[in-house]
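All values reported here derive from a predicted model rather than from experimental measurement.
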Amino acid sequence: MSLREAGSPRSRRILSIWLPALAIDRWRVVADEHSRVLDRGPLVLIADTAHGPRIEAVNRAGAAAGAHKDMMLADARTLCPEIATAPSDPAGDLGFLETLAIWAQRWGPWSALDPPDGLLVDVTAVAHLFGGENRLLADVQQAFAQRQLAVRTAIAPTAGAAWALAHHGRDGAIVEGAEAIERALSDLPVAALRLDQDVVTVLRRLGLKRLGEIATLGRDAIQRRFRNRKSPAANPLVRLDQLLGRVPEPLLPVVPQQVPLVQRRLLEPIRHRQLLDTVVTDLAGDMARELEGQGQGARRLELGLWRVDGEVVVRQLELAAATRDPAHIVRLFAARLDDVDAGFGIEMLRLRASWAEPLALAQDDIETAAETHGTSLAACIDRLTVRLGAQAVTRPVPFASHIPERAQRWQPPLEPEASSQGQLAFHARPLKLLDSPESIAVLYATPDGYPQRFRWRGQVHEVVRVEGPERIAPEWWRERGGARLRDYYRIEDEAGRRYWIYRLGIIGDGRGGPPDWYLHGLCA
């Protein structure tokens with residue numbers, strides 16, 4: 001759950017963008033001049049199957065000739081012998097769709113993929129920046145038209161309604177409110193519910209062809225027919241409730257990833273191998289620091305060398321495991337630079353990690369160097385243990401407990417650590433945890449919710465953003481029967497400071513009086 005504005009939630013507005021000819025349009029964008037000439041006539045993209053080539057996408061000329069998707073190529077050639085073919089690339093289409101999803105964030109704070117050929121953009125409270133939702137849709141149409149991409153768009157309060165209007169309704173439709181959704185979508189086909197094809201076939205056999213007919217039939221009859229279908233795409237009632245906003249539909253936003261990249265622009269072009277190795281060593285050190293800052297290690301590295309005459313020489317490395325050791329990177333590139341022709345000189349070098357994986361921080365080199373000088377942490381603990389005794393020296397170790405103040409214990413350094421706490425790592429904890437929670441006076445709070453104003457250490461704070469709750473129940477095997485549960489919130493005040501607070505107990509839990517509020521930590 002992300003930080004949201006405190007107060008009543010605004011009505012959501014979801015923009016659905018459907019690219020009905022994504023594969024053909026992408027092929028046209030990346031095709032060379034010769035291929036574009038082929039596209040002027042009937043063209044299909046094909047995929048090999050056990051029964052022969054099958055059509056995956058078709059352009060307008062091919063559709064006019066009688067070809068369509070899922071048709072065998074042999075049947076299409078019977079209708080149109082001069083039809084041209086090109087291989088389909090589903091992975092490339094998905095990558096192109098991800099690129100469009102990041103680019104589509106110009107219309108909203110986040111976007112999500114709607115595979116295989118659609119996008120969903122959250123345009124809540126941003127339409128006024130474009131002069132209204134009509135002008136926003138016009139801007140979307142114009143932006144895609146400039147890139148030679150055909151689209152159909154719609155805006156609605158739910159993702160399901162926006163998808164249904166974009167795929168089966170009027171292009172550029174705008175719907176507001178639950179009642180407007182029912183009126184606008186009642187005449188759409190049942191395929192607008194985003195159901196599997198076999199479910200659509202069953203509904204049509206039952207005589208249900210429109211969404212309005214499902215509503216008039218009644219939920220009980222449909223529930224009895226599809227009660228064993230748990231997947232949303234196989235249960236018409238679940239999809240209908242998502243479309244009308246009765247149940248939430250989670251969407252996974254697309255987060256752009258910044259590729260680690262470092263470069264050197266040289267004052268004077270270099271031609272000698274010794275100078276080239278020196279620059280590559282500097283680049284490897286810069287890349288190691290860049291990867292360390294992101295907590296990642298490189299699996300694929302690309303080194304580009306820009307010559308004075310404009311030619312670019314590229315050398316690539318594939319690594320067996322993620323690494324950010326600059327010495328290791330330099331050794332591997334040394335064998336790849338023997339055949340580099342510097343020409344009149346190399347004026348720029350660029351190192352890019354096109355594939356990176358998470359890599360935990362380590363201090364092996366620091367410990368090794370410190371051990372050489374006799375000042376490592378392990379050597380210090382050994383000396384203190386010998387001088388003061390094994391029981392006089394303790395260290396903190398993780399402890400498997402959901403209660404924050406019990407999440408670590410102190411034990412002698414020679415004793416083995418307890419079982420791992422990795423399964424609890426998904427809980428976000430503050431940067432600083434107080435030794436003991438401090439009581440706060442809540443001046444105003446929403447019922448069974450977070451405080452909107454509280455006093456801590458004599459100062460009043462106004463809550464402007466909040467995240468939560470994270471409910472932590474008492475450990476029944478350690479606590480008494482009257483122990484109360486906690487609801488933790490991450491809050492932010494008007495000055496931008498963030499705190500970690502919790503409410504001890506809930507109203508009417510039968511385990512004491514009114515709930516008490518405590519501040520337990522300070523967030524970054």
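Closest approach of Glu249 to Ala159, counting heavy atoms only: OE1-CB, 4.0 Å. Across all non-hydrogen atoms, the minimal contact from Pro157 to Ile181 is CD-CD1, 3.7 Å. Residues Pro250 and Pro248 come closest through the heavy atom pair CD-O, 3.8 Å. In terms of heavy atoms, Thr153 sits closest to Asp171 at N-OD1, 2.9 Å. Of all the heavy atoms in Phe344 and Val308, the pair that sits closest is O-CG2, 4.1 Å. For the residue pair Leu165 and Ala154, the shortest heavy atom distance occurs at CB-CB, 3.6 Å.
The shortest side-chain heavy-atom distance between Leu193 and Ile214 falls under the 4.5 Å cut-off. Between Glu182 and Leu244, some side-chain heavy-atom pair lies under the 4.5 Å cut-off. Counting heavy atoms from C-beta on, the side chains of Val202 and Leu206 come closer than 4.5 Å. With contacts defined as side-chain heavy-atom distances shorter than 4.5 Å, the pair Leu45/Val58 does not qualify. The shortest distance between side-chain heavy atoms of Pro269 and Ile346 does not fall below 4.5 Å. Within the 4.5 Å cutoff, no side-chain heavy atoms of Ile155 are placed close to those of Ile14.
The pair Glu467-Arg498 does not count as a salt bridge, with every side-chain nitrogen at least 4.0 angstrom from each carboxylate oxygen. Salt bridge annotation for Asp93-Arg26: present, with a cationic side-chain nitrogen under 4.0 angstrom from a carboxylate oxygen.
Panel note: side chain Thr158, backbone Leu243; a donor-acceptor pair is recorded below 3.5 Å. Looking at Asp89, its side chain does come within 3.5 Å of a backbone N or O of Gly92 through a donor-acceptor pair. Remark: the backbone N or O of Ala342 is not paired with any side-chain donor or acceptor of Arg271 at under 3.5 angstrom. Remark: side-chain polar atoms of Arg152 are paired, donor with acceptor, to backbone N or O of Gly169 under 3.5 angstrom. Side chain of Arg299 to backbone of Leu319: a donor-acceptor contact under 3.5 angstrom is found. A distance-only check finds no donor-acceptor pair linking the side chain of Arg352 to the backbone of Leu303 [under 3.5 Å]. Without hydrogens or angle criteria, Gln141 side chain to Leu137 main chain gives no donor-acceptor distance under 3.5 Å. No donor-acceptor pair under 3.5 Å is formed between the side chain of Arg336 and the backbone N or O of Arg315. Looking only at distances, a side-chain donor or acceptor of Asn59 sits under 3.5 Å from a matching main-chain atom of Gly41. Checking side-chain atoms of Arg324 against main-chain N and O of Gln296 turns up a donor-acceptor pair under 3.5 Å.
Remark: the Thr323 side chain and the Asp325 side chain contain no N/O donor-acceptor pair separated by less than 3.5 Å.
Screening Leu252, Leu251, Val121 for a side chain to side chain contact (heavy atoms under 4.5 Å, CB included) with Trp110, the sole residue that qualifies is Leu251.
Residues that satisfy the side chain to side chain donor-acceptor pair (under 3.5 Å) test with Arg307, not counting sequence neighbours, are Asp309, Glu311. Under the rule for a side chain to side chain donor-acceptor pair (under 3.5 Å), the partners of Gln263 that lie at least two apart in sequence or sit in another chain are Arg350. Scanning for side chain to side chain donor-acceptor pair (under 3.5 Å) contacts around Gln148 gives an empty result, with sequence neighbours left out. Take Ala74 and apply the side-chain contact (heavy atoms from CB on, under 4.5 Å) test, not counting sequence neighbours, and it matches no residue.
The number of heavy-atom neighbours closer than 6.0 Å to CG of Asp187, taken from other residues, nucleotides and ligands shown, is 12 or below.
Distance check, rounded to the nearest 0.5 Å: CE of Met72 to CD1 of Ile46 gives 10.0 Å. Atoms OH and CZ, on Tyr488 and Arg429 in that order, are 7.5 Å from each other to the nearest 0.5 Å. To the nearest 0.5 Å, atoms CG (Asn235) and CG (Leu240) are separated by 10.0 Å. Atom OG1 of Thr85 is separated from atom CD1 of Ile55 by 9.5 Å, given to the nearest 0.5 angstrom. For the atom pair Leu195 CG and Leu203 CG, the distance stands at 6.5 Å (nearest 0.5 Å). Remark: Glu357 CD to Leu359 CG distance equals 9.0 Å, nearest 0.5 Å.
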Do Trp355 and Glu318 pass the side chain to side chain contact (heavy atoms under 4.5 Å, CB included) test, and can you show the C-alpha distance, the side-chain angles, and the key distance before you say yes or no?
CA-CA 9 Å; Trp355 177 15; Glu318 292 279 354; 4.0 Å; yes
Determine, step by step, whether Leu19 and Leu100 satisfy the side chain to side chain contact (heavy atoms under 4.5 Å, CB included) criterion, reporting the C-alpha distance in whole Å, the side-chain angles of both residues, the deciding distance to 0.1 Å, and the verdict.
CA-CA 11 Å; Leu19 295 92; Leu100 289 178; 3.8 Å; yes
Please test Arg54 against Glu56 for salt bridge (charged side-chain N to carboxylate O under 4.0 Å, His left out), starting from the C-alpha separation and ending with a verdict.
CA-CA 6 Å; Arg54 183 181 62 192; Glu56 296 293 330; 3.2 Å; yes
For the pair Asp25 and Arg147, evaluate salt bridge (charged side-chain N to carboxylate O under 4.0 Å, His left out) and give the outcome as yes or no after the intermediate values.
CA-CA 9 Å; Asp25 289 342; Arg147 288 157 178 79; over 6 Å; no
Salt bridge (charged side-chain N to carboxylate O under 4.0 Å, His left out) between Arg471 and Asp487, worked out:
CA-CA 4 Å; Arg471 176 159 291 182; Asp487 282 337; 2.7 Å; yes
Checking Arg13 against Glu133 for the salt bridge (charged side-chain N to carboxylate O under 4.0 Å, His left out) test, could you report, in this order, the C-alpha distance in whole Å, the side-chain angles of both residues, the deciding distance, and whether it holds?
CA-CA 10 Å; Arg13 304 297 290 166; Glu133 293 184 346; 2.8 Å; yes
Contacts under 3.5 angstrom, residues 276-286 side chains, donor-acceptor by atom type, not counting sequence neighbours:
residue: Asp277; atom: OD1; partner: Arg273; partner atom: NE; Å: 2.8
residue: Asp277; atom: OD2; partner: Arg273; partner atom: NE; Å: 3.3
residue: Thr278; atom: OG1; partner: Gln274; partner atom: O; Å: 3.0
residue: Thr281; atom: OG1; partner: Asp277; partner atom: O; Å: 2.8
residue: Asp286; atom: OD1; partner: Arg289; partner atom: NH2; Å: 2.4
residue: Asp286; atom: OD2; partner: Arg264; partner atom: NH1; Å: 2.5
residue: Asp286; atom: OD2; partner: Arg264; partner atom: NH2; Å: 2.9

Can you give the donor-acceptor pairs under 3.5 Å from side chains of residues 113-120 to other protein atoms, not counting sequence neighbours?
residue: Asp114; atom: OD2; partner: Trp163; partner atom: NE1; Å: 2.9
residue: Asp117; atom: OD1; partner: Trp18; partner atom: NE1; Å: 3.4
residue: Asp117; atom: OD2; partner: Trp18; partner atom: NE1; Å: 3.1

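Between Trp103 and Phe96, the gap from one ring centroid to the other reaches at least 6.0 Å.
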